[in-house]
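Note that the structure is predicted; figures quoted are calculated from it, not measured. Chain letters run A, B, ... following the sequence lines, proteins first, then strands; residues in each count from 1.
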There are 2 protein chains.
Amino acid sequence: MPGELTAKGRATRSRIVEGAAAVLREKGVGSATLDDVMARTRTSKSQLFHYFPAGKDELLVAVAQFEADRVLEDQQPYLGCLDSWEAWGRWRDVVIERYEAQGEQCPLGSLFLQVGRSTPGMRAIVIELTCRWQESLARGIRALQAGGRLPADLDVDTRAAALLAAIQGGVSILLSTGQSTHLRAALDQGIADLRRAGSGSGSVMA
Amino acid sequence: MPGELTAKGRATRSRIVEGAAAVLREKGVGSATLDDVMARTRTSKSQLFHYFPAGKDELLVAVAQFEADRVLEDQQPYLGCLDSWEAWGRWRDVVIERYEAQGEQCPLGSLFLQVGRSTPGMRAIVIELTCRWQESLARGIRALQAGGRLPADLDVDTRAAALLAAIQGGVSILLSTGQSTHLRAALDQGIADLRRAGSGSGSVMA
DNA sequence: CCAAAAGTGGACTATCCAGTCCACTGTACG
DNA sequence: CGTACAGTGGACTGGATAGTCCACTTTTGG
C-alpha cells in the first residue's frame, strides 16, 4: 500500500496521523477510539483501515513516530548547539515552556506505558528517541569541554543520562500532579551541577 | 458499606486488592479486566461490586493506594534515616534493586497516566506520594546538614525535588526501554552532586 | 435454634468498539 | 470517452467487558 499514494492520499494519511495525535493527547490512549479519530479528521472507517491495514495498533505506532519526531524538533535550534551556557539557558526555557504549555497531555508517555510493552515497534521508537536525545545532550557537554568551559575528564555519558532522566522525571511529575516545579528544579539543578562540575570524573560510591 | 465488614469480608476485600494489583502489574491497566481479577482472586462479579460499588474505577483507586503505600515502605528502613553518606548509598542500592526486580511492570506509573487525569482520587494519591517521598529526601539532606556534612545554605527543597525527578525519570526510562542505566546514572550523579554541593544556595540563570 | 444480615455464585444485559464488507465517487491516463 | 484503480462512505458483525440481578449459602447475634 505505501509508496503508491496520490497527493490526495498522502494528504489524507497525514491528516489522519495528526488528528489522531491530537485526539490521543486530549483523551489519552485508553479512552481514544477510532470513532474519535474519524470525527476529528472527517474520515470514515474504511479510510482508517485503508491507510493503516493493521488497524489501531499500526495507527498508534505512526502517531508515536510522529510525536517522537516533534519532541526533539520542538527543542531546536537550541538543543542542536548547546555550546555556551547561554545556549543551555535558552534550551532550558524552551523545554519548560513546551511542557508547561502541553500541560496534562502526554503524547508519548502514555503511549509508551500503555502500548509500549506489548508492541515491539513502539519500544523501538522510544529507545531511538531516548538515544538521540541523550546524544544531543552529550554533544552539548562536549561542546562546553571543547570551549574550555568544562574540564575534559568528565563522564559525559553519565552526565547526559542523568540529565535526561531528570527531565523525564520532571515531565512525569508534571503530568501526574500538574505542577512544573519538579521539572524546573531538575533542569536548574542539573545545569547548575554541570556548571559546578569541576572535580573528578564522576566516580561514585560502591 | 465500609466499616461493617466481618473478618471474612475484610479478608476477601484485601485478597481482591492484592490480586488486582498483581493482575495490573502483569497485564497493564489497559488490558486488565475484571474477569482477570475474578480468576486471580477466586471471586465472583458480585463480590467485586459488593466491595467496590462504584466498579472498576473504585477498585483501581484502591489498588493505587495499596501500591503507593508499598513504594515508600519498600525503601525502608533506609529512606527513613538518610543521615550519613553510607545510608544514602544503601538507600541507592535498595531503590535500584527494587526497580530492576520490578522490571517492566509499573504498578503506579501506568495507573497515573491512564486513570490519573480523569479520576480525582487517583491524582490525590500520586500527589501525596510525591510529597511524602520528596519530604523524606529533604529530611535526609537536612540530616546531613545537621551532621555538618553539608553546608547549611543549601536549597534543600530544590535539591530534593530535582533528585526525586531524576529517580522518577530513571524509572520511566527503565519501564520504557528496559534498561536501568539511566536510573543508576540519575542516582549516582544525584548523590555525587549533592556531596559536591559546597557552594552557593543554588541560584541559577535567568 | 432461628431470623437477619453479610457474603457468594453466576447468568444475563447493555454497550461500546475494532474490524469487515460492499457499494459509490473521483481521478489518472490511454 | 472509458476503464481501471485509488479514495471514500457508512452500515453491519462479532466479540469483549463493565455492570445488574436474583437466588443461594454462610455467618452473626440474640
Side-chain angles (χ1 to χ4, degrees), chain A residues 1-21 23-24 26-64 110-111 114-115 118-119 121-122, chain B residues 1-21 23-24 26-64 110-111 114-115 118-119 121-122:
Chain A
M1 304 295 165
E4 318 250 7
L5 294 177
T6 326
K8 196 179 180 186
R10 255 171 293 143
T12 303
R13 203 197 117 104
S14 56
R15 183 157 47 96
I16 291 173
V17 171
E18 287 166 33
V23 169
L24 286 172
E26 287 167 17
K27 308 198 59 169
V29 185
S31 314
T33 69
L34 292 187
D35 289 322
D36 294 328
V37 177
M38 285 162 55
R40 160 78 66 137
T41 61
R42 321 263 286 189
T43 51
S44 65
K45 239 195 207 144
S46 67
Q47 299 180 66
L48 258 42
F49 282 86
H50 183 220
Y51 293 105
F52 305 94
K56 198 182 188 184
D57 285 349
E58 188 178 355
L59 175 57
L60 252 37
V61 172
V63 171
S110 23
L111 278 172
Q114 167 88 1
V115 199
S118 46
T119 316
M122 196 76 75
Chain B
M1 304 294 167
E4 318 252 6
L5 294 177
T6 56
K8 195 180 180 186
R10 254 170 294 142
T12 303
R13 203 197 118 105
S14 56
R15 184 159 45 97
I16 291 174
V17 171
E18 287 167 33
V23 168
L24 287 173
E26 285 168 19
K27 309 198 57 167
V29 184
S31 314
T33 69
L34 292 187
D35 287 324
D36 293 328
V37 177
M38 284 162 56
R40 160 78 66 138
T41 60
R42 321 262 286 188
T43 51
S44 65
K45 260 246 167 100
S46 66
Q47 299 180 66
L48 260 42
F49 283 86
H50 182 220
Y51 293 105
F52 305 94
K56 198 180 188 185
D57 285 349
E58 188 178 355
L59 174 57
L60 252 37
V61 172
V63 171
S110 24
L111 278 171
Q114 168 86 2
V115 199
S118 46
T119 316
M122 196 74 75

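Going from atom CG of A/L59 over to atom P of C/dG19 covers 10 Å, rounded to whole Å. Between the P atom of C/dG19 and the NZ atom of A/K56 lies a distance of 8 Å, rounded to the nearest Å. Distance NE2 (B/H50) to P (C/dA5): 13 Å, rounded to an integer number of Å. Rounded to whole Å, atom P of C/dA18 lies 15 Å from atom CD of A/E58. What separates NZ of A/K45 from P of C/dA18 is a distance of 6 Å, to the nearest Å.
Each of B/A7 and B/D35 lies near DNA chain D, and the nucleotide nearest B/D35 is the one positioned closer to the 5' end. Of the two residues contacting DNA chain D, namely A/T43 and B/A32, the nearest-nucleotide position lying further toward the 5' end is that of A/T43.
Distance check, rounded to the nearest 0.5 Å: CG of A/D57 to CE of A/M122 gives 7.0 Å. The structure places OG of B/S31 at 10.0 Å from CG of B/L24, a figure rounded to the nearest 0.5 Å. Here CD of B/Q47 is found 7.5 Å from OG1 of B/T41. Values are rounded to the nearest 0.5 Å. The OG1 atom of B/T43 sits 5.0 Å away from the CG atom of B/L48 when rounded to the nearest 0.5 Å. Taking CD1 from A/I16 and CE from A/M38, the interatomic distance works out to 10.0 Å, rounded to the nearest 0.5 Å.
Residue A/Y51 comes nearest to A/G9 through the heavy atom pair OH-CA, 3.3 Å, listed as atom of the first residue, atom of the second, then distance. Residue B/A11 comes nearest to B/S14 through the heavy atom pair O-OG, 3.2 Å, listed as atom of the first residue, atom of the second, then distance.
When heavy atoms are screened at a 4.0 angstrom cut-off, A/Y51 is found touching the sugar-phosphate backbone but no base atom. Here B/S46 lies in heavy-atom contact (under 4.0 Å) with a base.
Within residues 9-16 of chain B, the residues approached by DNA chain C to less than 4.0 Å at the level of any non-hydrogen atom are B/G9, B/T12, in residue-number order.
By the 4.5 Å heavy-atom criterion applied to side chains, B/R15 and B/T12 are counted as neighbours.
For DNA chain D, the span of nucleotides reached by chain A at under 4.0 Å from its heavy atoms goes, 5' to 3', from D/dA6 to D/dG10.
With distances taken from any side-chain atom of A/K8 to the nucleotides C/dT27, C/dA6, C/dT20, the minimum falls on C/dT27.
The residue from B/K27, B/K45, B/R40 that alone fulfils the salt bridge (Lys or Arg N to Asp or Glu O under 4.0 Å) condition with B/D35 is B/K45.
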